[in-house]
Amino acid sequence: MVDLRKGRQLAAPGSDLEGREKHPVLQVAWEDAVAYARWAGKRLPTEAEFEFAARGGIERKKYPWGDELKPDGKWMANIWQGRFPYENTEEDGFRATAPVASFPANGYGLYDMAGNVWQWCSDWYRHDYYQDLAAGAKPAHNPQGPPDSFDPAEPRVAKRVMRGGSYLCTDQYCTAYEAGARGKGAADTGTNHLGFRCVKEKGDAARFAR
Ligand SMILES: [Ca+2]
């Protein structure tokens with residue numbers, strides 16, 4: 001396990017922070033992200049919280065900043081430009097991860113809610129969870145995710161939700177930086193394009209300290 005408290009191994013065991021002090025941490029399994037959040041008196045966001053936060057107060061827009069991928073010709077997130085996976089033109093300035101807050105914040109003042117690295121959410125992944133909620137008699141309020149995981153593509157793998165897309169996403173086939181796009185990943189596995197962010201609410205620190 002990467003010792004996040006030391007903060008010295010950014011991407012994998014043996015990697016170092018030299019010149020990358022402000023890049024997101026990578027290669028962290030869901031369990032380790034949860035352990036870090038708990039240690040810090042915080043927690044991972046739910047999937048619903050992540051999307052609510054990503055939309056930044058603007059409703060029914062494709063991206064956290066609006067409906068245009070490049071408003072005024074400007075890239076708003078660190079994604080992939082060029083013919084994936086053969087050519088990365090780095091038009092947005094970054095080949096792989098970017099330091100956090102390299103692009104404008106959304107309406108809530110939150111950075112990197114799209115692109116750069118995927119981010120773990122606390123929910124189990126079920127492909128039909130939101131369909132089921134939508135079919136219910138009442139609107140769902142602050143959904144916390146299903147009680148277990150089920151991905152028809154890999155039914156035996158316990159998966160958690162991830163959100164936001166990454167520097168490997170492209171408008172050619174993986175537009176996961178869209179505000180409504182969902183991702184999923186095996187809870188015990190980290191990758192080089194997946195990180196996390198923590199959330200804190202009033203009372204969390206006291207609750208986790210018990
Ligand atoms: Ca890029």
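Counting starts at 1 for both ligands and their atoms, following the listed order. Since the model is a prediction, treat every value here as computed from it, not as a measurement. The residues of the chain are indexed from 1 along the displayed sequence. These values consider heavy atoms only, across backbone and side chains, with no hydrogens, waters or symmetry-generated copies.
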Any luck finding a side-chain donor-acceptor pair between Arg197 and Gln119 under 3.5 Å?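 Yes, because at least one side-chain N or O of Arg197 sits under 3.5 Å from a partner of the opposite role on Gln119.
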Gln81 and Asn88: side chain donor to acceptor below 3.5 Å: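 Distance-only check fails for Gln81 and Asn88.
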Answer yes when Glu51 and Arg55 have at least one side-chain N-carboxylate O distance shorter than 4.0 Å, and no when they do not. yes
Is a salt bridge present between Asp151 and Arg126, judged by a nitrogen-to-oxygen distance below 4.0 Å? no
Can Arg160 be said to sit on top of Trp124's aromatic six-ring, NZ or CZ under 6.0 Å from centre and within 45° of the ring axis? yes
Could you pull out the N/O/S protein atoms under 3.0 Å of the Ca ion (ligand 1), ignoring any water?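 Only Asn78 OD1, Ile79 O, Asp92 OD1, Asp92 OD2, Phe94 O fall inside 3.0 Å of the Ca ion (ligand 1).
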How are the rings of Trp80 and Phe84 set relative to one another: parallel (under 30°), tilted (30 to 60°) or perpendicular (over 60°)?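 If you compare the ring of Trp80 with that of Phe84, the planes turn out perpendicular.
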